[in-house]
Asks: 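Input: one structure, supplied below.
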2 protein chains.
Amino acid sequence: MDKMYKENNLSKNQQIIFDLIDKSSEPLKAYTILFSVQKKGIKAPPQVYRALDKLVETGKIHKIESKNAFVACRNSNCEISKATAFSICESCEMVDEINDDKLTKYLTNFSDKKGTKYKRFNLEFFGLCKKCK
Amino acid sequence: MDKMYKENNLSKNQQIIFDLIDKSSEPLKAYTILFSVQKKGIKAPPQVYRALDKLVETGKIHKIESKNAFVACRNSNCEISKATAFSICESCEMVDEINDDKLTKYLTNFSDKKGTKYKRFNLEFFGLCKKCK
DNA sequence: TTTAAAATTGTTATAATATAACATTATGTA
DNA sequence: TACATAATGTTATATTATAACAATTTTAAA
Ligand SMILES: [Zn+2]
Ligand SMILES: [Zn+2]
Ligand SMILES: [Zn+2]
Ligand SMILES: [Zn+2]
């Protein structure tokens with residue numbers, strides 16, 4: 001191929017999948033993504049999971065662990081995802097990334113009773129969103 | 001049957017599976033549990049998942065979301081699991097439940113920028129445990 | 001103590017999520 | 001160029017979790 005697809009830092013599949021997640025208003029699951037991108041030539045699970053892995057690794061997206069689903073990062077890629085926090089609505093399933101400097105600072109500096117500090121955390125809050133309350 | 005199996009509040013399958021998790025030094029996965037309890041007559045995934053669901057619901061165990069695995073609660077059943085925090089070693093996979101009143105208070109009282117409070121949270125810290133450091 | 005509801009169990013099948021393994025092509029760099 | 005690295009394509013399979021339905025046990029009310 002004579003055309004480079006990398007004006008930015010994402011490969012073709014990564015860009016397709018990132019775009020889909022980025023414009024979605026809700027967390028997307030791997031197989032939902034797979035079905036959505038088949039028309040673009042991405043036909044098999046490993047293609048999706050590889051792109052997801054790389055996007056998570058570079059902080060472009062986050063995995064919502066309690067939902068096995070993915071959202072685009074709405075912060076500054078969360079310093080490569082070392083400090084993530086989300087609010088999750090238990091009624092409509094909406095997920096919002098929380099960007100709260102005080103919270104981030106508190107948790108980043110947290111050390112347990114043995115004085116151990118951690119290099120990464122993920123926090124998920126559950127409740128009702130504004131719409132569902 | 002003339003013998004009630006409930007001296008406590010757990011059913012037979014729930015007790016078998018709780019005991020296994022409780023005496024394990026590491027998080028257990030559902031199918032690991034399944035293989036371990038087949039000799040006790042628990043033969044199919046739904047039997048395991050039902051017991052796990054109930055044990056999580058009642059706060060006797062917690063699910064470590066990032067590992068799809070389960071640990072026994074080491075606190076006072078975490079007020080039925082409304083406020084859970086764990087430290088997870090990225091090297092040996094060890095998981096410890098964190099019991100820190102200040103942290104719990106801070107997160108239980110946390111409200112986001114819109115003033116929304118949440119009724120539950122789960123926090124996972126990642127790093128190296130004492131042994132692996 | 002009958003009786004009906006609720007909880008638990010047993011069972012088979014299948015859905016949903018994720019990775020292994022290997023061949024090929026594209027890209028970045030010396 | 002030529003080499004290393006990253007990304008892709010493909011098939012098969014492993015892992016995690018639930019649907020659906022029948023039977024039994026437990027609880028609590030009548
Ligand atoms: Zn982010
Ligand atoms: Zn909502
Ligand atoms: Zn607990
Ligand atoms: Zn360790």
Side-chain angles (χ1 to χ4, degrees), chain A residues 1-21 26-71 93 95, chain B residues 1-21 24 26-71 80 93 95:
Chain A
M1 205 198 267
D2 57 358
K3 175 76 178 76
M4 271 179 265
Y5 47 73
K6 285 177 122 180
E7 288 91 40
N8 47 39
N9 53 332
L10 297 183
S11 73
K12 179 169 131 277
N13 289 2
Q14 289 159 23
Q15 188 70 60
I16 290 169
I17 287 172
F18 175 73
D19 287 345
L20 187 71
I21 296 171
E26 56 187 12
L28 294 181
K29 298 185 154 242
Y31 276 73
T32 305
I33 293 169
L34 176 57
F35 297 138
S36 298
V37 298
Q38 291 203 321
K39 64 194 81 162
K40 304 216 173 184
I42 298 176
K43 290 179 183 144
Q47 295 174 290
V48 172
Y49 281 101
R50 280 180 200 138
L52 289 172
D53 286 349
K54 180 59 83 170
L55 290 166
V56 166
E57 204 180 298
T58 56
K60 304 280 291 178
I61 66 173
H62 302 300
K63 182 172 187 180
I64 307 301
E65 295 287 358
S66 60
K67 298 173 81 66
N68 296 319
F70 299 85
V71 297
E93 311 288 282
V95 171
Chain B
M1 202 199 273
D2 57 357
K3 176 74 179 74
M4 271 181 263
Y5 48 72
K6 286 178 122 181
E7 289 92 40
N8 49 37
N9 53 333
L10 297 182
S11 73
K12 179 168 131 278
N13 288 1
Q14 289 159 22
Q15 188 70 60
I16 290 169
I17 287 172
F18 174 73
D19 287 343
L20 187 71
I21 295 171
S24 171
E26 56 187 12
L28 294 182
K29 298 185 153 242
Y31 275 74
T32 304
I33 293 168
L34 176 57
F35 297 137
S36 298
V37 297
Q38 292 203 322
K39 65 194 78 163
K40 303 216 172 183
I42 298 176
K43 291 183 182 139
Q47 296 175 290
V48 172
Y49 280 101
R50 280 178 198 138
L52 290 173
D53 286 350
K54 181 58 82 171
L55 291 167
V56 166
E57 205 179 299
T58 56
K60 304 279 292 178
I61 66 172
H62 302 301
K63 182 173 187 180
I64 306 302
E65 295 287 358
S66 60
K67 299 173 81 69
N68 297 318
F70 299 85
V71 297
I80 318 296
E93 312 287 284
V95 171

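Letters A, B, ... mirror the listed sequences (proteins, then strands); counts begin at 1.
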Asks: Checking side chain to side chain contact (heavy atoms under 4.5 Å, CB included) for the pair B/V71/B/I61: CA distance, chi angles, key distance, verdict?
Replies: CA-CA 5 Å; B/V71 297; B/I61 66 172; over 6 Å; no
Asks: Nearest whole Å is fine: how far is C/dA26 P from A/Q14 CD?
Replies: 16 Å
Asks: So, is B/S11 close to the C/dT9 phosphate, meaning a side-chain N or O under 4.0 Å from OP1 or OP2?
Replies: yes
Asks: D/dA7 P sits how many Å from A/N9 CG, rounded?
Replies: 10 Å
Asks: Could you check whether any side-chain heavy atom of B/L55 comes within less than 4.5 Å of a side-chain heavy atom of B/F18, counting everything from C-beta outward?
Replies: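 When only atoms from C-beta onward are counted, B/F18 and B/L55 do touch, with a gap below 4.5 Å.
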Asks: Taking the axis from the first five pairs and the axis from the last five, what angle separates them in the helix from C/dT1-D/dA30 to C/dA30-D/dT1, rounded to 10 degrees?
Replies: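 End-to-end axis angle for the helix from C/dT1-D/dA30 to C/dA30-D/dT1: 40°, rounded to 10°.
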Asks: Who are the salt bridge (Lys or Arg N to Asp or Glu O under 4.0 Å) partners of B/K29, not counting sequence neighbours?
Replies: none
Asks: Using the salt bridge (Lys or Arg N to Asp or Glu O under 4.0 Å) rule, collect all pairs that involve residues 33-49 of chain A, keeping only residues at least two apart or in two chains.
Replies: none
Asks: Compare side-chain N and O positions of B/N13 against OP1 and OP2 of C/dG10 and report whether any pair is under 4.0 Å apart.
Replies: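 For C/dG10, OP1 or OP2 has a side-chain N or O of B/N13 closer than 4.0 Å.
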Asks: Do nucleotides 12-19 of chain D as a string where each nucleotide becomes B, S or -: B if the base has a protein heavy atom under 4.0 Å, S if just the sugar-phosphate does, - if no protein is that close.
Replies: ----BBBB
Asks: OP1, OP2 of D/dA6 versus side-chain N and O of A/K12: anything below 4.0 Å?
Replies: no
Asks: Reckon A/Q47 has a side-chain N or O less than 4.0 Å from the OP1 or OP2 of D/dA7?
Replies: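 So the side chain of A/Q47 is outside the cut-off, no N or O lying under 4.0 Å from OP1 or OP2 of D/dA7.
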Asks: Using side-chain heavy atoms (C-beta onward) and a distance below 4.5 Å, is A/K60 in contact with A/L10?
Replies: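 In short, these two side chains touch, coming nearer than 4.5 Å.
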Asks: Do B/V56 and B/F70 come close enough that some side-chain heavy atom pair is under 4.5 Å?
Replies: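 A side-chain contact exists here, since the closest heavy-atom pair is under 4.5 Å.
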Asks: I'd like to check the salt bridge (Lys or Arg N to Asp or Glu O under 4.0 Å) partners of B/K63; sequence neighbours left out, ordered by chain and number.
Replies: none
Asks: Output the rounded distance in Å from NZ (A/K43) to P (D/dT11).
Replies: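 The distance from NZ of A/K43 to P of D/dT11 comes to 9 Å, rounded to the nearest Å.
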Asks: Applying side chain to side chain contact (heavy atoms under 4.5 Å, CB included), name anything that partners B/K67, two or more places apart in sequence or on another chain.
Replies: B/P27, B/I64, B/A69, B/I88, B/E93, B/V95
